[in-house]
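Notes follow the structure.
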Amino acid sequence: MDAKSFRENYEECRAEAAKATNPSSKAQWLLFAEEWLKLAEAAEAQQRLDAATAKDVPAK
């Protein structure tokens, strides 16, 4: 999966949390959303690192 997919899952969880009528369910959806967001941010950071590293590697 990539950062875009992680962010889509984040948004889906936020939407489910907004629809939840049970406070416990809402809290669980928000926890899921938080984890997806962490994964998205980590994937984006890795992409930036990969891009920066690729610029520094001399061509063969």
[X] [atom1] to [Y] [atom2] distance, which is reported to the nearest 0.5 Å:
X	Y	atom1	atom2	result
Trp36	Glu11	CH2	CD	13.5 Å
Lys19	Trp29	NZ	CH2	8.5 Å
Leu39	Arg7	CG	CZ	11.0 Å

side-chain contact (heavy atoms from CB on, under 4.5 Å) evaluation trace for Leu37 with Glu34: CA-CA 5 Å; Leu37 183 58; Glu34 185 178 319; 5.7 Å; no

Exercise: do Asp2 and Ser5 side chains pair donor with acceptor under 3.5 Å: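 Result is yes, a qualifying pair exists.
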
Shortest non-hydrogen contact from Lys26 toward Ala18: NZ-CA, 4.4 Å

Note: Glu41-Lys38 ion pair, threshold 4.0 Å (strictly below):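 Salt bridge between Glu41 and Lys38, a charged N being under 4.0 Å from a carboxylate O: no.
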
